[in-house]
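For reference, the structure is listed below as structure tokens.
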Amino acid sequence: VQLQASGGGLVQAGGSLRLSCLASGSIFRINRMAWYRQAPGKERELVASITSGPTINYADSVKGRFTISRDIAKYTVDLQMNSLKPEDTAEYYCNADVTSLRRGMGLRGDYWGRGTLVTVSS
């Protein structure tokens, strides 16, 4: 399973960006997709997640500003980021919990895409 993220860039504070992530490969079911971020010198943190339910969770720091959405048929998850702040500057990573079929058996794995850099200038 491969995850390809896109949409990062440079934006001024108060602006918006939309990140997209496409999952491909041997996918039977996507159980959960999420966006994480890691700022320089800090640990990676969860930004938002969406399950197959769907159940949606956001980090407190982005509630009301970010919106996660998915397209089940296309295996994509998007993150709409509004009212961006300089503290949102980070490398953003797409993550997926995926069930694949191997010889008739379901195998569940956790996958990461390459990061996409979001820089918010003040």
Nearest 0.5 Å please: distance from the CD1 atom of Ile56 over to the CZ atom of Arg32.
12.0 Å

Before you tell me yes or no, could you show the steps for Gln4 and Ser20 under side chain to side chain contact (heavy atoms under 4.5 Å, CB included), namely the whole-Å CA-CA distance, both residues' side-chain angles and the distance that decides it to 0.1 Å?
CA-CA 8 Å; Gln4 184 172 357; Ser20 295; over 6 Å; no

Is the Phe66 to Trp35 ring centre distance short of 6.0 Å?
no

Counting C-beta onward and ignoring hydrogens, is there a side-chain heavy-atom pair between Arg108 and Asp97 closer than 4.5 Å?
yes

Is Ile72 reachable from Val1 through a run of I, L, V, M, F, W or Y residues, each pair having side-chain heavy atoms under 4.5 Å apart?
no

Scanning both residues in full, the closest heavy-atom pair of Ser83 with Arg65 reads O-NH1, 2.9 Å

What verdict does the side chain to side chain contact (heavy atoms under 4.5 Å, CB included) test give for Arg29 and Ile27, after you've listed the backbone C-alpha separation in whole Å, the side-chain angles of each residue and the deciding distance to 0.1 Å?
CA-CA 6 Å; Arg29 181 178 62 244; Ile27 299 172; 5.9 Å; no

Keeping Thr89 on the side-chain end and Val120 on the backbone end, is there a donor-acceptor pair under 3.5 Å?
yes

Distance (rounded to the nearest 0.5 Å) between Leu17 CG and Gln80 CD:
8.5 Å

In the single-linkage hydrophobic clustering (I, L, V, M, F, W, Y; side-chain heavy atoms under 4.5 Å), do Leu84 and Leu19 co-cluster?
yes

With the threshold set at 4.0 Å, does a side-chain nitrogen-carboxylate oxygen contact exist between Asp88 and Lys85?
no

From CG (Leu101) to CZ (Arg103), nearest 0.5 Å:
13.0 Å

Measure the OG1-CG distance between Thr76 and Leu22 for me, rounded to the nearest 0.5 Å.
7.0 Å

Strictly below 4.0 Å, N to O, side chains only: are Asp78 and Arg18 in salt-bridge contact?
yes

Would you kindly say whether Asn31 and Thr99 are connected by a side-chain donor-acceptor distance under 3.5 Å?
yes

Other residues, nucleotides, ligands: >12 heavy atoms within 6.0 Å of Gln38 CD
yes

Closest approach of Ala23 to Ile30 (non-hydrogen atoms, all atoms of both residues)
CB-CD1, 4.1 Å

Rounded to the nearest 0.5 Å, how far apart are CD of Gln2 and OG of Ser24?
4.5 Å

Whether Asn95 side chain and Met33 backbone form a donor-acceptor pair below 3.5 Å
no

Between Ser16 and Asn82, is any side-chain donor less than 3.5 angstrom from a side-chain acceptor?
yes

Donor-acceptor check, side chain of Thr116 to backbone of Tyr92, threshold 3.5 angstrom: yes or no?
no

Exercise: identify the closest heavy-atom pair between Ala96 and Leu3:
N-CD1, 3.7 Å

For Ser100 and Tyr111, the nearest pair of non-hydrogen atoms, with its separation, is OG-OH, 4.4 Å

Distance-only donor-acceptor hits, side chain of residues 39-50, under 3.5 Å, sequence neighbours excluded:
| unit_1 | atom_1 | unit_2 | atom_2 | d |
| --- | --- | --- | --- | --- |
| Glu45 | OE2 | Arg37 | NE | 2.7 |
| Glu45 | OE2 | Arg37 | NH2 | 3.3 |

Under 3.5 Å: donor-acceptor pair, side chain of Arg70, backbone of Thr51:
yes

So if you build clusters from Ile, Leu, Val, Met, Phe, Trp, Tyr with side-chain heavy-atom gaps below 4.5 Å, do Val77 and Tyr58 land together?
yes

Hey, any chance Val62 and Leu79 share a hydrophobic cluster, counting ILVMFWY side chains that come within less than 4.5 Å of each other, even indirectly?
yes

